[in-house]
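Take a look at the structure below.
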Amino acid sequence: EVNYALSEFPIGNSPILFGGNLNAVNFWREDELENPTDPFAAQLRVFRTDLFPKLWWPLDLGGLATLTPQAGLRVTTYSRGAQSKKAAHREIPFGGVVLNSPWVRVYSGYTHLVEPMIQYEYADLIQKEVFPQFDQVDLAGDKNLMTYSLANRVVGPGGSLLLRLTHSFNLDRSVRSLSDLRTEWQ
């Protein structure tokens, strides 16, 4: 597996940032199927590439918060499909917006950062085909998601502590699901 992450950087002198991820991996899976003598049915070998370039435009809201619209296009190619030996690909346009407002207070010897965040993400899977399923990249698809989180970080001479609570819910009326409350502690 090869991964490359391009950290966001400004495009020329504009406030717009560009960045993204590239992933290439060769999967090999042997399935125990009813007909193990058929080599096509008994094993699945797939080379997959996943390219996900994105644009960000952070907008300062008077020092109180930052509003960051985002846009991108995820392009995933497979050396074969889930049910055929022909190469397959999918494109997923992505859009979203993040609103965050960090509050910082410095005490003698340490700094306390509290950062509430609200994020909206929308993605529309153009091809509704069946693709091989190996990991989270293959599960990417339609998304109409609202996420909010609260991060508490304390930094001092002895190191740092982080507590982040995150919760998401799907805005799609046909799904209407809530995520578990995710807790991150470092």
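Just so it is clear, the model here is predicted, and its values are computed rather than measured.
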query: What pairs with H167 under ring-ring contact (aromatic ring centres under 6.0 Å, His included), at least two apart in sequence or on another chain?
result: Y148
task: Establish whether V155 and L113 are linked, either directly or via other cluster members, by ILVMFWY side-chain heavy-atom contacts under 4.5 Å.
output: no
Single-linkage hydrophobic cluster, 4.5 Å side-chain cutoff, L59 and I16 together: yes
field: Pair listing, ring-ring contact (aromatic ring centres under 6.0 Å, His included) test, anchored in residues 53-72, at least two apart
entry: none
query: Which residues satisfy the side-chain contact (heavy atoms from CB on, under 4.5 Å) test with L6, sequence neighbours excluded?
result: Y4, F9, F18
task: Kindly write out the residues that satisfy side-chain contact (heavy atoms from CB on, under 4.5 Å) with F47, not counting sequence neighbours, or none if the list is empty.
output: A24, N26, T49, S79
message: If I take atom CG from residue N23 and atom CD from residue E1, how far apart are they, to the nearest 0.5 angstrom?
response: 5.0 Å
Atom pairs and distances, side-chain donor-acceptor, residues 62-74, under 3.5 Å, sequence neighbours left out:
from : atom 1 : to  : atom 2 : distance (Å)
R74  : NE     : D50 : OD1    : 3.1
R74  : NE     : D50 : OD2    : 3.1
R74  : NH2    : D50 : OD2    : 2.8

Nearest atoms (heavy-atom pairs only) where P15 meets P58: O-CD, 3.7 Å
query: Between atom CE of M146 and atom CG of N170, what is the distance when rounded to the nearest 0.5 Å?
result: 11.0 Å
message: Apply the hydrophobic cluster definition, ILVMFWY joined by side-chain contacts under 4.5 Å directly or through others, and give me every member besides F94.
response: F52
query: For the atom pair CG (L161) and NE2 (H112), what is the distance rounded to the nearest 0.5 Å?
result: 10.0 Å
query: Who passes side-chain hydrogen bond (donor to acceptor under 3.5 Å, both in side chains) against R182, sequence neighbours left out?
result: none
statement: Using a 4.5 Å side-chain heavy-atom cut-off and chaining through intermediate ILVMFWY residues, the residues clustered with M117 come out as V98
- request: Mind checking the CG-CG spacing from L162 to N152? Nearest 0.5 Å is all I need.
  value: 8.5 Å
statement: So CG of D124 and NZ of K143: to nearest 0.5 Å the spacing works out to 13.0 Å
statement: Sorted by chain and number, sequence neighbours left out, side-chain hydrogen bond (donor to acceptor under 3.5 Å, both in side chains) with T147 holds for S168
- request: Heavy atoms only: give me the nearest F169-L145 pair and the separation to one decimal.
  value: O-CD1, 3.4 Å
- request: Under 4.5 Å between side-chain heavy atoms, chaining through other members, with only Ile, Leu, Val, Met, Phe, Trp and Tyr counted: pull out the rest of the cluster around V2, sorted by chain and number.
  value: none
query: Which ILVMFWY residues can you reach from V114 by hopping between side chains whose heavy atoms are under 4.5 Å apart?
result: W103, L150
message: Hydrophobic clusters here meaning ILVMFWY residues chained together by side-chain heavy-atom distances under 4.5 Å, can you tell me if Y107 and V154 are in one?
response: yes
field: Partners meeting side-chain hydrogen bond (donor to acceptor under 3.5 Å, both in side chains) with Y122 (sequence neighbours left out)
entry: none
- request: Look up atom CZ in R164 and atom OG1 in T183, then write down how far apart they are to the nearest 0.5 Å.
  value: 11.5 Å
query: When you look at CG of L51, are more than 12 heavy atoms from neighbouring residues, nucleotides or ligands closer to it than 6.0 Å?
result: yes
